[in-house]
Amino acid sequence: MNDVIKLLKSHRSVRKFKDQPIARELLIELIQAGQGAATSSHVQAYTVIHVTNPANREQIAELAGGQPYIASCADFLVFCADMKRPTEASERAGSNVVRGMTEQLLVATVDTALMAQNVATAAESEGLGICYIGGIRNNPQAVSDLLKLPKHVYPVFGMCLGYPSHEPEVKPRLPVEAILKEDYYSDDSAQVQAFDDTMQAYYQSRSSGNKDTDWSQNLKPLFDNKLRPHMRDFLIQRGFEME
């Protein structure tokens, strides 16, 4: 393995950070690395909000379900899918823009995720730790109001950045045989059952937060009920009518 592959395979979420700032120059480099990600038709349908106001970070920490590391990390970013900028640019060029298409929502969301993952990898290459915050979508309207997001922009997730004050273990991933299919989709229940054993051993032996569970058991809360059912109406109000 080369160093890039080693880095990618060593990712883990970091939730405890040193009281050490990140140089502004490095933060800009990370964002520029993010901009180097693939983007559909060069649309670049994303905006990143760097939240520096301590009161706003405290409020977002509560809105995201009580995640204190949002307030304690060195820097906190909110990655937003942004169809405002490209559609308005197209209009200025003379286009009769059609808004609210499902494909626009998909393009903006995928662009944002690709960009953020580049930022994450670049940050880890510099010795930083990161943690994605999907809890931003628990209260997306309140977060949007706080960040003054205009229509056709929505917050996809947040990201904590900072120098780690602990070294959590790398969480196991599904075996490649479950993920990589040859020509056609095939059943992977045997691999999943084996992975449950792997995850149970991991949870019982890791250095913090030991628990007696496995991968399948951990998925139950995500699918027992409708997860964030408010998102559909929220996205429609944001201008992503999904037609």
Side-chain angles (χ1 to χ4, degrees), residues 1-37 44 46-82 111-140 142-144 146-149 155-173 202-203 205-211:
M1 290 187 295
N2 62 39
D3 290 342
V4 175
I5 293 176
K6 288 179 182 177
L7 176 67
L8 291 170
K9 293 174 72 173
S10 68
H11 166 74
R12 67 274 195 278
S13 294
V14 172
R15 296 178 175 85
K16 296 178 182 178
F17 301 94
K18 296 178 181 177
D19 185 16
Q20 179 180 350
I22 299 171
R24 176 71 181 184
E25 295 78 11
L26 175 55
L27 181 63
I28 297 300
E29 288 284 349
L30 300 182
I31 298 300
Q32 290 176 332
Q35 290 181 275
Q44 303 172 81
Y46 44 69
T47 289
V48 184
I49 309 295
H50 180 207
V51 185
T52 60
N53 184 304
N56 287 355
R57 284 173 60 166
E58 291 281 359
Q59 190 169 344
I60 292 173
E62 289 304 311
L63 291 170
Q67 302 191 58
Y69 25 92
I70 292 174
S72 62
C73 63
D75 285 292
F76 183 68
L77 307 176
V78 178
F79 289 83
C80 304
D82 187 345
D111 266 18
T112 302
L114 293 173
M115 190 270 189
Q117 189 57 32
N118 261 29
V119 171
T121 301
E124 290 175 338
S125 77
E126 289 287 339
L128 297 171
I130 73 101
C131 183
Y132 280 101
I133 305 294
I136 287 289
R137 300 189 303 278
N138 289 355
N139 293 283
V143 172
S144 298
L146 184 66
L147 302 181
K148 300 181 180 180
L149 301 183
V156 184
F157 43 68
M159 182 187 290
C160 296
L161 287 164
Y163 292 95
S165 64
H166 71 141
E167 294 293 334
E169 294 88 351
V170 174
K171 188 175 288 186
R173 292 321 199 240
Y202 162 79
Y203 282 127
S205 64
R206 67 180 179 178
S207 57
S208 62
N210 293 355
K211 53 185 179 181

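Numbers for residues simply follow the sequence, beginning at 1.
With hydrogens and angles disregarded, a donor-acceptor distance shorter than 3.5 Å links the side chain of Asn53 to the backbone of Asn56. With hydrogens and angles ignored, the 3.5 Å screen pairs no side-chain donor or acceptor of Thr121 with any backbone N or O of Asn118. Remark: the backbone N or O of Cys73 is paired with a side-chain donor or acceptor of Arg57 at under 3.5 angstrom. With hydrogens and angles disregarded, no donor-acceptor distance shorter than 3.5 Å links the side chain of Asp111 to the backbone of Tyr46. In this structure, Arg24 contributes its side chain and Ile22 its backbone to no donor-acceptor pair below 3.5 Å. Looking at Glu124, its side chain never comes within 3.5 Å of a backbone N or O of Ile130 through a donor-acceptor pair.
Atom NZ of Lys18 is surrounded by 12 or fewer heavy atoms from other residues, nucleotides or ligands within 6.0 Å.
Across all non-hydrogen atoms, the minimal contact from Lys6 to Met1 is CE-O, 3.5 Å. Shortest non-hydrogen contact noted between Leu30 and Val119 is O-CG2, 3.5 Å. For Thr112 against Cys80, the heavy-atom pair with the smallest separation is OG1-O, 3.5 Å. When all heavy atoms are compared, the tightest approach of Phe79 to Met115 is CE2-SD, 3.6 Å.
Considering CD1 of Ile136 and CG of Leu63, their distance stands at 8.0 Å, rounded to 0.5 Å. Ile5 CD1 to Asn2 CG: the interatomic distance, rounded to the nearest 0.5 Å, is 4.0 Å. The CG atom of Leu27 lies 10.0 Å from the CD atom of Gln32; values are rounded to the nearest 0.5 Å. One distance of note links NZ of Lys9 with CZ of Arg173; it measures 12.0 Å at 0.5 Å rounding.
Residues that satisfy the side chain to side chain contact (heavy atoms under 4.5 Å, CB included) test with Ala64, not counting sequence neighbours, are Gln67, Ile70, Ile133.
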Please table the atom pairs, donor to acceptor, closer than 3.5 Å between any side-chain atom in residues 155-167 and protein atoms at least two apart or in another chain.
{"unit_1": "Ser165", "atom_1": "OG", "unit_2": "Lys16", "atom_2": "O", "d": "3.2"}
{"unit_1": "Ser165", "atom_1": "OG", "unit_2": "Phe17", "atom_2": "N", "d": "3.4"}
{"unit_1": "Glu167", "atom_1": "OE1", "unit_2": "Arg12", "atom_2": "NH2", "d": "2.1"}

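Looking only at side-chain heavy atoms (C-beta outward), Gln117 and His11 stay at 4.5 Å or farther from each other. Side-chain atoms of Ile28 and Ile31, non-hydrogen and from C-beta on, never get closer than 4.5 Å to each other. Proximity of Leu26 to Leu128: side-chain heavy atoms (C-beta onward) are separated by under 4.5 Å at one or more points.
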List the steps, then state whether side chain to side chain contact (heavy atoms under 4.5 Å, CB included) holds for Leu149 with Ile49. CA-CA 10 Å; Leu149 301 183; Ile49 309 295; 4.2 Å; yes
